Trainee: 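First the structure, then my questions, so here it is.
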Amino acid sequence: MDLLCPNSPYVWNETGLSPCFENLVLGFGANVLGISVVIALALAKRNTGRAEPSIMNWQLAVVEKMSLHVVPAVGACLCFYNIFLLIEGSYKGQRAEYHEWLYKVSQLFSWAIIVLVSKFENWYLIVCNLFLCFWWIAKPLLEIPHLQTVFSSSKVKTHLMEVLSVATEIMFGIFITTLKAMRSSSIIRNFNSVEDPLISSNIDNKCSTGGLEQNSCSFWETLTFKFANSMLDLGAQKQLDFEDLVQLPNELVPSCHNSLLRCWMAEKCMPKTDRSLLIAMFHAYGWPYLRLGLLKMVNDGIGFLSPLILNKLIQFLQKGSDPIHGYILAFSLGLTSIFKSFMDTQYTFRLSKLRLELRSSIMTMIYHKCLHVSLAERSKFSEGEIQTFMSIDAGQTVNICNSIHDTWSLPLQIGVALYLLYTQVGYAFVSGLAITILLIPVNKWISTMIARATEKMLKEKDERIRGAGELLMSIRILKMYSWERIFTERLMKRRLLEVQHLSTRKYLDAWCVFFWATTPTLFSLSTFGVFSLMGQSLDAATVFTCVALFNTLISPLNSFPWVINGLIDAVISSRRLSKFLSCPEHSFDFGQSCDAQITLTDPIHHFGCQHSLHCNPNMVIFQDSCFVWSSFDDPEEQSPVLRNVTLNLPNGLFIAIVGEVGSGKSSLLNSILGEMRLIHGCMHSCGSTAYVPQVPWIQSGSVRDNILFGEEMIIQRYGEVLHACALDADISRMAGGDLAYIGEKGLNLSGGQRARLALARAIYRNSELYLLDDVLSAVDSHVANWVLSKALLGPLTNQKTRVLCTHNAQAIASADLIVVMDKGNVRWIGSFHGFLSSPYSTISMFKNSKISSVELSGEKSIASDLDEITSYMEQGSDYIVSMDQTQDAAELEFRKEGRVEFDVYKSYATFVGWPLVVLIALSAIFMQASRNGNDLWLSYWVDARVGTDYTAFYLVHLELLSKIVNAPVQFFDRNPSGRILNRFSSDLYMIDDSLPFILNILLANLLSLVGIAVVLSYAQIVVLLLIFPFWYIYRKIQFYYRSTSRELRRLDSVSRSPIYSSFTETLDGSSTIRALKSEDFFMAKFSKHVALYQKTSYSEITASLWLSLRLQLLAAFIISFIALMAVIGNFGDFPFKLGTPGLVGLALSYASPIVSLLSSFLTSFTETEKEMVSVERVLQYIDIPQEEQCGSVSPHLDWPSHGQIEFEHVTLRYKPSLPAALNNLSFKINAGLQVGVVGRTGAGKSSMINALFRLTPICNGRILVDNLNVAEVSVRELRQSFAVVPQSPFLFEGSLRDNLDPSGGTSEEKMWEILEKVHIRTLIESAGGLDIQVKESTFTFSVGQCQLICLARALLKSSKILFLDECTANVDTQTASVLQNTISNECRGMTVITIAHRISVVLNMDYILVLDNGVLVEQGNPRALLKDSCSRFSGFARASYSASINSCD
């Protein structure tokens, strides 16, 4: 040992480990161990075959080349050079010890062995052995003591070579580990194969051949983001479109990665109740994420080289030595910054790609769950809560990618900085450390409070978004009720609670930032103070190395509270998502719940019908089944909606389900679909199913898209379906035919057209079982006759099983089998003839339904009646107007061009308040001045010897909401609710939370840059030579980038809207989608929307990193320039000296953070501009046209006192270029009359109500109510003066008492009295009284019951004018008759205008108006018009009753 270590202790010396031990044991020994293992594995695997994949992507090829060829070659070259330095030193008399030679030679030999083994065919089994993978990572750690020893010397060249040598070994370990992970990535976590995949195989196969394939980029293009140049060039020249963006890599296409779903399925199969989405995320993306952690570790390590090199440079300037050392140190500072720039941008790039992949996976999983979870299971979540899952929680969960690495990286950075401080000032740093430790429990308490405030805030946000969605969906009805102010106040109450919790959170954030921001200042004061009290002297090298280390502490210390908050938000959101994703999914077949053997009754013998049946005689079987709507686990606490149902529905029959309102008809259909929860018995259905709900679900798109629903178009069947559903005449008159655009929820179609369109969709599917929920109630009588004979009984469906819930007499008479429901029980089953003699026949009033021969003089045959129906249907339809009215809805969402205008910033400052803006600016200026003054004082001392205030910005919500609710209805026709809701959710979240945060950072960065420029100019006068050319280059780069970044953010917002629109639409129609088995089709559509969103986000990230890299390279040049000038000035190359060592140290310590600060400033500036796009988008809707709220005449409080209505030459057009919806319409309705308005679909009936309520302004004429022109009355007073019952019933979430009278001005006794008169009091009392809560997802009432509640609401208003828009369409005939008597008795002295589809509804009225194409073609007493065989009204009556007369005969 004396030979090997003659002048060194074996293990320890006074400063630590001896050089002999470091070189001989940790160096030579480690190398020999690695070489031995490689040789042993090579011998053991010598007969193993080739271990390479036959197909290798370009990424794997790059990693393989770097790990096997480039890095070992670089390492070997460095070893050769180190040995050359040893030889050179020997010639100069600086003899090296033997242990040093052994270490260097063994290091060279180890690289040579790796290069040699890489030539073997089975190299992967050797080099990437699991033990060696850990060894390549651990080996550089053994060289840390050697680096410490080297750094204690003053040989700069040796420092640089050793650092490069260790960095090469670290890079080799990272590349080998990455290669191992990439080669093993094909092994996926096992999961239950019974579970269905996310997307069907035919969609998965498109991943490899889809259009969104990434162009092959070279390693240099990926490293420098050169592939984004073409997009940036286009962005500087024109407004970007989606096709101009960077192409999406295959791994980011939503339809091509479902690993998270597979891992979540495996997590659900685990025997535990508390399932965690975070665990599934780890199993899906854990390996790539851990690899990024290694990259971040190297990146953070490189960040600490700058303070160390700075220390050596200042020491060099103080002591003076060989000039070559100074130049090496100067260039090393720049090279370190350059290398860190590349590492930093690559880490951010790959982390961002992983975030995008995770985000699209979570969004896809949420959408997948909504497609597959039943309505009963979904009932535990409100729609607003589910929408928040997609808009907020998905993004916050993805943020955990940043937070997790930061939770270990930031403490590691702090720890390394503290250790380096220890090497400079000894134990004096403990005083600063004590202050930091004391703040830990304070910040923990603050973090706990932040978590509670965040959870409460998200709950209120859910309710606010749900309420906003409810308002937008029913805005037309709310305007007719004049409830805009009431709903605005309800939403603002929710908003106030949300703001209170958000304010609490932001105040806590401010305290958190204050404590962490003041820590570096307190740290420096206490450290230098204690160091001076210890009797030590401060020199420039020590002070400014410490200052540089304090600066490195600022970023992790300030970031730590945001990391904690982000982690808290991510955990909370992931728990919410885990709860939703854990819901059991939809199942059609409940046969497994059957406890007893089902006996199949012969339907032919039992029902006496002669039908040829398929091999399975029963299509649906119920056996003692009980169903509930709720999803709670305790069945004893639930009241079944369907009770002990035992029922067989035979194959091939037309089955009518009848019963009073609320008897359980719709629930029976939903139980067949599997949407309800089975708690007893069993149910089984077979065959394909088609479903039409009672409220037809229409998706936004063309008529053809709504009918085909993703199916292939067969022209002949398509035409037959249109004809059978009486749609061909309507479509032929639409602009664009069947490609005409239909607005959201079919808002530009009448109720009858929506019902027939939904029926056409179901029939086109050619299913074996049709479930039709009251599809005939919304259409006119003669159209109902046509649809019944051609669609339900015609050749398209007569061999299929058709189950129809109905009150239509003709349909009941035509049924092969009738099922009577009452209070959730099946009361009676039989044929129509048996039904006529049963006590249940009064449900449809068959015994009183015939019209006498006197009334129907000149009665025609069935054939002639159908001819008459055909002639009516072939007449022109006025509804083209409303169809064209919303053609613009199909257009892309509007987005502005160019930079964000100054007025947007001005508007934002106005909302915040100018005094507060000035106060914030002054606070930031004083903060920066005090920080710079402190550092200038330090430089003087060694030569001789805080957070911003936070402001909240919430007033915009009130302004936006008031503008939206006061917009005309045409605005809502052109803009889908998802697009508007995007402003209330994502855009408002940006304004509430992200924008103030990024503005705070921008202001701090701006002032920091100004402070740095001032200090650098003072400390190094030559910096002034760089400022102006550098600022010119900087401006050019940022202008080039900003023109693209603005458009990218706008495209990002535009691409986000279709996601929320389609998601909201799918929530409404999920039961229809499941019934038609169209989940894959909608999944593919949603994936296209997400792919577009991914494309804009990916382009945004690459553009941002393109800029960041170039700015950091510019900053590296500045650092090199300052350091070089300091070295040159120190050796007298200039006629004057370029500052003292203190000022040089100050300049260099300030120049180092400029690398990150310049990038951070432009990033925060562009992010601010991007976030301002949200303000811009909100301001777009604040500037929308408004309804005229003020009137020129203020009517008397009791107006209208009589109820007389007069139309004088009224013309209404929805657009100037379109035909008139009402054409010169004139009539007069005397006070107190009950008037019926009839006409085929689209005749202008609804347009008449629109004109009277001023929902659409008239073009000509005037409307008088009690001789007062309604145009002169404010719209709010006008609508408050009328009572209305809309065709689609509307109940909002809240108590039933609030639904009946939101203003709270009606007594409870009066409410019960009216509920008694509309025959719903008993139901309300049994349900819990007036305080029961109406929920949108718990199906509290049936559609018919909701309509009765709406009628009670209208009667409570006690207006002199009442409008009824077919309010009895969804109730049975007997109840409808009773209600008509109630209306006649209760509305005496009132003017009642009824739009009716049932002729029986208007027979007993005082007056009839018959409309056609917006023209009044007939008016008079209904009885008198019936007797006139040539009248339009008698033609309607004959068409309505002919089928029932024929059936009864």
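Position 1 is the first residue of the sequence, and the numbers go up from there. This structure is a prediction, so every number in the text was calculated from the model and none was measured.
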Trainee: Is the closest side-chain heavy-atom distance between Ile672 and Leu769 below 4.5 Å?
Mentor: yes
Trainee: For Phe972 versus Pro968, what's the shortest heavy-atom pair and its separation?
Mentor: CD1-O, 3.5 Å
Trainee: Could you tell me whether a side-chain N or O of Arg1074 sits under 3.5 Å from a main-chain N or O of Leu371, the two making a donor and an acceptor?
Mentor: yes
Trainee: Are side-chain heavy atoms of Lys790 and Leu796 found at a separation under 4.5 Å?
Mentor: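 A side-chain contact is absent here, since even the closest heavy-atom pair is not under 4.5 Å.
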Trainee: Taking only residues two or more places apart in sequence, or in another chain, which ones meet Tyr1093 in a ring-ring contact (aromatic ring centres under 6.0 Å, His included)?
Mentor: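 Tyr1093: no ring-ring contact (aromatic ring centres under 6.0 Å, His included) contacts found.
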Trainee: Classify the ring geometry between Phe709 and Phe1081 as parallel (under 30°), tilted (30 to 60°) or perpendicular (over 60°).
Mentor: tilted
Trainee: Identify the two heavy atoms, one from Asn1224 and one from Thr1211, that lie closest to each other, and give their separation to 0.1 Å.
Mentor: N-OG1, 3.2 Å
Trainee: Please check if the side chain of Lys479 supplies one atom and the backbone of Leu1255 the other of a donor-acceptor pair under 3.5 Å.
Mentor: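 Pair absent, no side-chain N/O of Lys479 close to backbone of Leu1255.
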Trainee: Hey, is NZ on Lys1085 packed in by over 12 heavy atoms from elsewhere, all under 6.0 Å?
Mentor: yes
Trainee: Backbone N or O of Leu792 within a donor-acceptor pair of the Lys800 side chain at under 3.5 Å?
Mentor: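 Not a single qualifying donor-acceptor pair exists.
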Trainee: Counting only N and O atoms by type, is there a donor-acceptor contact under 3.5 Å from the side chain of Ser474 to the main-chain atoms of Leu471?
Mentor: no
Trainee: Quick one: ring-ring contact (aromatic ring centres under 6.0 Å, His included) partners of Phe971, sequence neighbours excluded?
Mentor: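 Partners of Phe971 under the ring-ring contact (aromatic ring centres under 6.0 Å, His included) test: Tyr1181.
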Trainee: For Thr1066 and Ser1062, work out which heavy atoms get closest and say how close.
Mentor: OG1-O, 2.7 Å
Trainee: List the steps, then state whether side chain to side chain donor-acceptor pair (under 3.5 Å) holds for Arg378 with Ser1070.
Mentor: CA-CA 11 Å; Arg378 207 178 79 188; Ser1070 58; 3.1 Å; yes
Trainee: Arg717 and Tyr764: which non-hydrogen atoms are nearest, and at how many Å?
Mentor: NE-O, 3.4 Å
Trainee: Would the distance check show the side chain of Ser702 and the main-chain N or O of Asp705 forming a donor-acceptor pair, the cut-off being under 3.5 Å?
Mentor: yes
Trainee: Do Asn1413 and Asn1223 make a side-chain contact, defined as non-hydrogen atoms from C-beta onward lying under 4.5 Å apart?
Mentor: no
Trainee: Is there a donor-acceptor pair closer than 3.5 Å between any side-chain N or O of Arg802 and the backbone N or O of Thr797?
Mentor: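 Yes.
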Trainee: Please identify each residue that fulfils side chain to side chain contact (heavy atoms under 4.5 Å, CB included) with Ala690, with sequence neighbours left out.
Mentor: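 With neighbours one apart ignored, the set is Ala762, Ser767, Tyr770, Leu1076.
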Trainee: Distance-only, no hydrogens or angles: does the Asp244 side chain make a donor-acceptor pair with backbone N or O of Asp241 under 3.5 Å?
Mentor: yes
Trainee: I would like to know whether Arg761 and Leu757 meet side-chain contact (heavy atoms from CB on, under 4.5 Å); could you show each step before the answer?
Mentor: CA-CA 6 Å; Arg761 174 202 299 148; Leu757 187 59; 5.7 Å; no
Trainee: Between Arg1254 and Glu1187, does any side-chain N to carboxylate O distance fall below 4.0 Å?
Mentor: no
Trainee: List the atom of Met363, the atom of Phe1086, and the distance in Å for their closest heavy-atom pair.
Mentor: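 Nearest pair, atom of Met363 first, then Phe1086: O-CE2, 3.7 Å.
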Trainee: Hey, can you tell me if Trp786 and His723 have their rings parallel, tilted or perpendicular (30° and 60° cut-offs)?
Mentor: perpendicular
Trainee: For the pair Asn808 (side chain) and Gln810 (backbone), establish whether a donor and an acceptor sit closer than 3.5 Å, ignoring hydrogens and angles.
Mentor: yes
Trainee: If we ignore hydrogens and angles and just use 3.5 Å, is the side chain of Glu675 paired with the main-chain N or O of Asn670 as donor and acceptor?
Mentor: no
Trainee: Kindly say whether Gln387 contributes a backbone atom to a donor-acceptor pair with the side chain of Tyr1060 at under 3.5 angstrom?
Mentor: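 No; judged by distance alone, with no hydrogens or angles, the pair does not exist.
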Trainee: Does a sphere of radius 6.0 Å around CD in Glu243 hold more than 12 heavy atoms from other residues, nucleotides or ligands, not counting ones at 6.0 Å or beyond?
Mentor: yes
Trainee: Would you say the side chain of Leu472 lies within less than 4.5 Å of the side chain of Ile964, judging by non-hydrogen atoms?
Mentor: yes
